[in-house]
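Below you'll find the structure, written out as structure tokens, and then a few comments.
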Amino acid sequence: MLIKPQFKAIISSTFYDKTFTVATRTSTIDAEGGTVITSGTPRTLKGNVQYSLNERLREIYGISEQVDLAITTDQTVAKNDKLTYESKDYVVTSFIKKDSHNLIVARSL
């Protein structure tokens, strides 16, 4: 189904009222063989935040991992990006693009 850009803008202005930050996370191996995780420059995004997904939605989206935070938004993120919302840090475990929105699933760090 084709969703017109005007409709997406109305959804965004109506429902995406929470602000969160996202930063790209990269992991490297140091000289001693340990893993070092670094974060890129954070950017601010708007979305609708939920603290869980019911079993039916998890089944529909094929999500089997732990869900501590679910965000619907018109923005994009990558798996393993770091999210911060209300002073708590999360890592993106799934990013699912839909016709009218994107679903970001994250777990606590």
Side-chain angles (χ1 to χ4, degrees):
M1 180 165 129
L2 178 63
I3 305 292
K4 292 186 176 189
Q6 299 89 342
F7 183 68
K8 289 182 180 183
I10 292 168
I11 290 172
S12 178
S13 64
T14 304
F15 295 107
Y16 303 156
D17 59 343
K18 307 294 188 282
T19 302
F20 58 98
T21 58
V22 61
T24 303
R25 284 179 34 159
T26 52
S27 63
T28 56
I29 306 298
D30 65 13
E32 297 174 353
T35 302
V36 178
I37 297 176
T38 56
S39 293
T41 304
R43 58 189 168 107
T44 303
L45 301 176
K46 299 287 253 180
N48 184 18
V49 178
Q50 304 172 48
Y51 286 99
S52 64
L53 287 178
N54 68 36
E55 284 303 313
R56 181 69 180 134
L57 284 176
R58 290 170 58 101
E59 184 179 312
I60 289 169
Y61 291 123
I63 298 168
S64 59
E65 63 267 8
Q66 175 183 342
V67 177
D68 294 322
L69 189 69
I71 300 166
T72 52
T73 183
D74 57 354
Q75 305 295 309
T76 60
V77 297
K79 190 173 180 178
N80 293 322
D81 280 357
K82 177 184 170 187
L83 293 173
T84 303
Y85 179 67
E86 292 187 341
S87 302
K88 294 181 183 174
D89 293 330
Y90 302 88
V91 64
V92 175
T93 57
S94 294
F95 176 79
I96 302 165
K97 186 162 183 57
K98 303 303 283 180
D99 288 340
S100 62
H101 66 279
N102 300 319
L103 175 65
I104 301 167
V105 177
R107 65 172 168 74
S108 297
L109 276 175

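Note that the numbering runs from 1 along the sequence shown for the chain.
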Measure across [X] and [Y] and return the closest heavy-atom pair with its distance rounded to 0.1 Å.
X: Arg43; Y: Thr76; value: NH2-O, 2.9 Å
X: Gln75; Y: Phe95; value: O-CE1, 3.8 Å
X: Tyr85; Y: Lys18; value: OH-CD, 3.4 Å
X: Ala23; Y: Ser39; value: CB-CB, 4.3 Å

Nearest-0.5 Å distance, [atom1] of residue [X] to [atom2] of residue [Y]:
X: Thr35; Y: Asp30; atom1: OG1; atom2: CG; answer: 8.0 Å
X: Ile96; Y: Asn102; atom1: CD1; atom2: CG; answer: 10.0 Å
X: Ile63; Y: Thr93; atom1: CD1; atom2: OG1; answer: 7.0 Å
X: Ile11; Y: Tyr16; atom1: CD1; atom2: OH; answer: 6.0 Å
X: Leu69; Y: Leu83; atom1: CG; atom2: CG; answer: 6.5 Å
X: Arg58; Y: Ser94; atom1: CZ; atom2: OG; answer: 9.5 Å

Within-4.5 Å side-chain heavy-atom neighbours: [X] and [Y]:
X: Thr84; Y: Phe20; value: no
X: Arg107; Y: Val67; value: no
X: Asn48; Y: Thr73; value: no

Checklist line | Worked check of side chain to side chain contact (heavy atoms under 4.5 Å, CB included) between Leu103 and Tyr61 | finding: CA-CA 9 Å; Leu103 175 65; Tyr61 291 123; 3.5 Å; yes

Under a single-linkage definition using a 4.5 Å side-chain heavy-atom cutoff for Ile, Leu, Val, Met, Phe, Trp and Tyr, are [X] and [Y] assigned to the same hydrophobic cluster?
X: Val77; Y: Val91; answer: no
X: Ile71; Y: Leu45; answer: yes
X: Val49; Y: Val22; answer: yes
X: Val105; Y: Tyr90; answer: no

Notebook entry, point to check: Can you list every salt bridge (charged side-chain N to carboxylate O under 4.0 Å, His left out) pair that touches residues 65-84, not counting sequence neighbours?
Noted result: Lys82-Asp89

Item checked: Under the side-chain hydrogen bond (donor to acceptor under 3.5 Å, both in side chains) test, residues paired with Thr19 that sit two or more places apart -> Lys46

Check: side-chain hydrogen bond (donor to acceptor under 3.5 Å, both in side chains) with Glu86: which residues, sequence neighbours excluded?
Finding: Tyr51

